[in-house]
Amino acid sequence: MIIGVIGAMREEITPLLEHYKDYETLAFGGNTFYKVALGSKTLIIACSRIGKVHSALTASTMILHFGCERIIFNGVAGGINPSYKIGDLVLASKLCQHDVDITIFGHPFGYFSEGKVFTESDSVLNGLAKAVAKENGINLYEGIVATGDQFIGSKERKEWIKKEFNADAIEMEGASVAVVCDNLNTPLCVIRAISDNAGDEALVSYEEFLESSARVSASLVIKMIEKL
Ligand code: ADE
């Protein structure tokens with residue numbers, strides 16, 4: 001099985017590359033992909049770069065060029081759900097794009113023509129993530145993840161996203177990868193660890209916890225890959 005693992009930032013894939021150590025470096029489509037041979041499994045790891053377009057490009061490349069049969073997104077997110085603390089893990093049950101607005105045509109926020117507001121992640125991969133978390137005594141929340149090409153660092157915008165989409169966490173890549181995987185029939189799992197609360201202190205918190213939270217997320221992903 002060929003598994004694609006995407007992180008948006010270098011910090012989000014570094015723990016994986018440090019863990020697997022032995023990899024081949026492949027250049028394609030303006031990006032670098034790291035190929036890890038793990039017996040019957042092959043991993044293709046990449047840093048997509050930030051945002052919906054870059055992450056959609058990376059997911060498409062992984063599936064159509066490298067033949068990835070599963071995609072796991074690993075990284076950090078801003079917490080919207082007040083129960084979430086820094087370093088807590090969230091599994092995305094479904095994802096939406098909070099910055100899509102064709103409401104002028106009578107559609108809800110986040111809706112695309114001939115599309116839908118929410119895209120589901122894969123129940124089998126999510127089941128595995130939950131089982132692995134349980135087995136290792138790791139608390140894993142399951143929630144709605146809202147994606148957009150904006151770093152959210154404002155209480156007002158965060159509250160609006162929460163009200164409009166009932167979102168629990170916010171980031172900048174998950175929903176675009178979900179649309180790619182949905183259309184290309186490739187199971188997707190999105191795991192994120194909280195780095196900030198997307199409010200007025202978000203930037204300071206993000207800068208402080210990006211690396212440590214990315215390691216928390218990667219550690220669960222590595223355990224999942226062992227079981228795939
Ligand atoms: N990723 C981590 N924190 C975030 C935030 N506050 N907004 C968008 N993406 C994020």
Side-chain angles (χ1 to χ4, degrees), residues 5-16 19 47-52 55 71-99 118-119 121 125-126 128-130 132-134 136-178 188-224:
V5 186
I6 309 176
M9 310 266 299
R10 195 75 214 170
E11 288 83 347
E12 293 167 323
I13 66 160
T14 296
L16 297 158
H19 175 81
C47 168
S48 64
R49 292 162 291 169
I50 293 171
K52 295 195 293 180
S55 57
I71 300 286
I72 301 178
F73 201 102
N74 166 68
V76 301
I80 299 185
N81 187 319
S83 308
Y84 295 1
K85 305 280 181 298
I86 303 296
D88 279 350
L89 279 163
V90 189
L91 171 69
S93 54
K94 56 182 185 176
L95 303 101
C96 62
Q97 298 181 56
H98 65 75
D99 55 353
F118 292 99
T119 306
S121 51
L125 282 180
N126 290 350
L128 176 68
K130 287 187 258 185
V132 168
K134 194 171 174 197
N136 288 277
I138 297 167
N139 183 37
L140 177 63
Y141 288 105
E142 191 168 8
I144 297 174
V145 168
T147 300
D149 282 327
Q150 299 163 349
F151 183 89
I152 306 299
S154 124
K155 194 165 183 293
E156 263 175 31
R157 180 72 185 162
K158 161 184 157 164
E159 290 304 329
W160 181 84
I161 293 167
K162 180 175 155 66
K163 174 179 71 72
E164 203 59 43
F165 302 100
N166 197 24
D168 295 293
I170 196 153
E171 36 83 309
M172 301 178 70
E173 297 84 18
S176 39
V177 172
L188 167 72
C189 181
V190 178
I191 309 267
R192 298 273 191 175
I194 301 300
S195 57
D196 59 86
N197 72 359
D200 299 332
E201 309 295 314
L203 181 59
V204 176
S205 176
Y206 174 82
E207 285 178 338
E208 185 174 352
F209 297 109
L210 164 64
E211 209 181 312
S212 58
S213 292
R215 286 190 185 279
V216 171
S217 174
S219 151
L220 179 64
V221 168
I222 288 164
K223 290 185 175 71
M224 272 181 78

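- Remark: the backbone N or O of Ala193 is not paired with any side-chain donor or acceptor of Ser213 at under 3.5 angstrom.
- Once rounded to the nearest 0.5 Å, the distance linking CD1 of Ile191 with CZ of Phe73 reads 12.0 Å.
- Residues that satisfy the side-chain contact (heavy atoms from CB on, under 4.5 Å) test with Ala214, not counting sequence neighbours, are Glu12, Val76.
- In this structure, the side chain of Asn136 does not engage the main chain of Ile138 through any donor-acceptor pair within 3.5 Å.
- The neighbour count for Glu164 CD, taken as heavy atoms of other residues, nucleotides or ligands under 6.0 Å away, is above 12.
- A donor-acceptor pair is defined here as one N or O able to donate and one able to accept, closer than 3.5 Å; such a pair exists between the side chain of Ser93 and the backbone of Gly143.
- Shown here for Met224 and Leu128, the closest heavy-atom pair between the two residues is O-CD2, 3.7 Å.
- Looking at Asp168 and Lys162, no side-chain N of the basic residue comes within less than 4.0 Å of a carboxylate O on the acidic one, giving no salt bridge.
- In this structure, Ile72 and Ile6 have side chains that are not in contact, with every pair of non-hydrogen atoms separated by 4.5 Å or more.
- The distance from atom CG of Asn166 to atom CD1 of Ile80, rounded to the nearest 0.5 Å, is 9.5 Å.
- Note: Ser217 OG to Leu91 CG = 10.5 Å, rounded to the nearest 0.5 Å.
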- Task: List the steps, then state whether side chain to side chain contact (heavy atoms under 4.5 Å, CB included) holds for Ser176 with Ser55.
- Result: CA-CA 7 Å; Ser176 39; Ser55 57; 2.9 Å; yes
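- Looking only at distances, a side-chain donor or acceptor of Asp88 sits under 3.5 Å from a matching main-chain atom of Lys85.
- Two residues are said to be in side-chain contact when any heavy atoms from C-beta on lie closer than 4.5 Å; Leu16 and Asn74 meet this criterion.
- Closest approach of Ile194 and Tyr84 over heavy atoms only: CD1-CD2, 3.8 Å.
- Sorted by first and then second residue, the side-chain hydrogen bond (donor to acceptor under 3.5 Å, both in side chains) pairs with a member in residues 190-202 read Glu171-Arg192, Glu173-Arg192; sequence neighbours excluded.
- Of all heavy-atom pairs between Ser205 and Ile86, the closest is OG-CD1, 3.4 Å.
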